[in-house]
Amino acid sequence: MKEQKFAQAAIRGNYSQFSDKEKKIADFVLNDPRNIIHLTINQIADELNIAESTIFRFCQRIGFKGFQAFKISLASEVVTPLKDIHEQIEEGDEVKTVAEKVFRSNIKTLEATLQIVDGETIEQAVTTIMNARKVEFFGNGGSASVAMDGYHKFIRLGLPVAMNLDAHVQVMSASQMNEQDATIVISHSGSTTDILDVLRVLKNKGVTIICLTNFAKSPLTKESDICLYTVSEETDFRSEALSSRIAQLSLIDALYTNLMIKRGDDGKQSLQDMREAMSHKRL
């Protein structure tokens, strides 16, 4: 994955997966980010009673080459008069104000996610899907709607695709796949029970797994072959899974569009066939 651009968002996005020492570093940064940009790695290590190497590895874990790159990113966030990656909604806000903050929040989620999108990873995912015998989408809860959207788009490509909403049927379907197949598994946390049940079966069958998730360290990312990440933050009135859905849908769109280009005339013909088949449903 290419280097991060949003230091604070990267910390928040991975916070639940941090060790105790990593959370100590994360809290220190988030509590006073302006102060951090004036400190050396040695000073922070002394302040927290943590080894410099631990801080360096922390920076790498959240997507930076090292401490200096992390500080540069952090400085660009705190020196520039930008609001937090997600603007907080307050109880006293007017209806129009709430709507504006929701829109700005979604825009910032897309911008932050775009900064961590890696072209090579997208290319790898596209190639895997193109070469697969069959592609199946998996998602539960809020992620199910994203999986269904993916299925709805990909069926236009003329590729064999599938998607099931029932968690039991998902496991059954996964058991019928093999190493020639590919899956797109969508889970904000990457650690829900139903998804992990499907993941276990997919791994046993040798299926190539592409995941869309918000957390770089989770059971899902650990077992996936190709990982696409979103960046989102929880607020008091909007769950993090809700805000990340916009970014997940955009990643699906990016995959679909690239695949349609790769498919060339075959893709155009599939789309035309679908339009003709559906034409009688329009008045």
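By the criterion of side-chain heavy atoms lying less than 4.5 angstrom apart, applied directly or through intervening Ile, Leu, Val, Met, Phe, Trp or Tyr residues, I252 is grouped together with V135 in one hydrophobic cluster. A chain of hydrophobic side-chain contacts below 4.5 Å, direct or via other Ile, Leu, Val, Met, Phe, Trp or Tyr residues, connects I186 to V126.
Partners of Q60 by side chain to side chain donor-acceptor pair (under 3.5 Å), not counting sequence neighbours: none found. Partners of D253 under the salt bridge (Lys or Arg N to Asp or Glu O under 4.0 Å) rule, at least two apart in sequence or in another chain, are K153. Residues satisfying the salt bridge (Lys or Arg N to Asp or Glu O under 4.0 Å) criterion with D181, sequence neighbours excluded, are R133. In this structure, the side-chain contact (heavy atoms from CB on, under 4.5 Å) partners of A51, at least two apart in sequence or on a different chain, are S53, T54. For N35, there are no side chain to side chain donor-acceptor pair (under 3.5 Å) partners, not counting sequence neighbours. For S250, there are no side chain to side chain donor-acceptor pair (under 3.5 Å) partners, not counting sequence neighbours. Every residue meeting the side-chain contact (heavy atoms from CB on, under 4.5 Å) condition with E47, not counting sequence neighbours, appears here in chain and number order: F28. Legend: residues meeting ring-ring contact (aromatic ring centres under 6.0 Å, His included) with F138, ordered by chain and number and at least two apart, are absent.
The minimum heavy-atom distance linking S224 with I209 is given by the pair OG-CG2, 3.5 Å. Counting all heavy atoms, side chain and backbone alike, A182 lies closest to M177 at O-CE, 3.8 Å. Taking every heavy atom of both residues into account, S19 and E22 meet most closely at N-OE1, 2.8 Å. What you find for N214 and S244 is that their closest heavy atoms are OD1-CB, 4.4 Å. Scanning both residues, Q248 and S187, for their nearest heavy atoms gives NE2-C, 4.4 Å. For the residue pair V29 and I11, the shortest heavy atom distance occurs at CG1-CD1, 3.8 Å.
One finds the CD1 atom of I184 at 11.5 Å from the OG1 atom of T208 (value rounded to the nearest 0.5 Å). Here the CZ-CD1 distance, from F58 to I50, works out to 9.5 Å after rounding to the nearest 0.5 Å. Atoms CD1 and OG1, from I129 and T183 in turn, are 9.5 Å apart once rounded to the nearest 0.5 Å. Distance OG/S143 to CZ/R245: 7.0 Å, rounded to 0.5 Å. Taken from CG in D194 to OG1 in T192, the straight-line distance is 6.0 Å, to the nearest 0.5 Å. Residue K101 holds its NZ atom at 13.5 Å from NZ of K96, rounded to the nearest 0.5 Å.
Within the 3.5 Å criterion, the main-chain N or O of S145 finds no donor-acceptor partner in the side chain of D149.
Counting only residues at least two apart or in different chains, salt bridge (charged side-chain N to carboxylate O under 4.0 Å, His left out) contacts with residues 257-266 comprise E123-K262.
Side-chain contact between T221 and Y229 is present, with at least one heavy-atom pair separated by less than 4.5 Å. In this structure the side chain of Y15 reaches within 4.5 angstrom of the side chain of D27, judged on heavy atoms. F18 is listed as a side-chain neighbour of R61, based on a closest heavy-atom distance under 4.5 Å.
Test V146, L212, L110 against L249 for side chain to side chain contact (heavy atoms under 4.5 Å, CB included) and you get one pass: V146. Applying the ring-ring contact (aromatic ring centres under 6.0 Å, His included) test between F137 and each of F154, Y151, Y256 identifies F154 as the sole match.
N178 CG: more than 12 foreign heavy atoms inside a 6.0 Å radius.
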Would you tabulate the side-chain donor-acceptor contacts of residues 155-172 under 3.5 Å, counting partners in other chains and residues two or more places apart, or write 'none'?
residue	atom	partner	partner atom	Å
R156	NE	H152	O	3.3
R156	NH2	H152	ND1	3.3
N164	ND2	E136	OE2	3.2
D166	OD2	H168	N	2.8
D166	OD2	V169	N	3.0
Q170	OE1	N140	ND2	3.2
Q170	NE2	G139	O	3.2
Q170	NE2	N164	O	2.8

Do any side-chain atoms of residues 274-281 form donor-acceptor pairs under 3.5 angstrom with protein atoms, and if so which ones, sequence neighbours left out?
residue	atom	partner	partner atom	Å
E276	OE2	Q272	NE2	3.2
S279	OG	E276	O	2.7
H280	ND1	A277	O	2.9

Taking only distance into account, with no hydrogens and no angle test, what donor-acceptor pairs under 3.5 Å do side-chain atoms of residues 195-205 form with protein atoms, sequence neighbours excluded?
residue	atom	partner	partner atom	Å
K203	NZ	E223	O	3.1
N204	ND2	R200	O	3.3
K205	NZ	S175	O	3.3

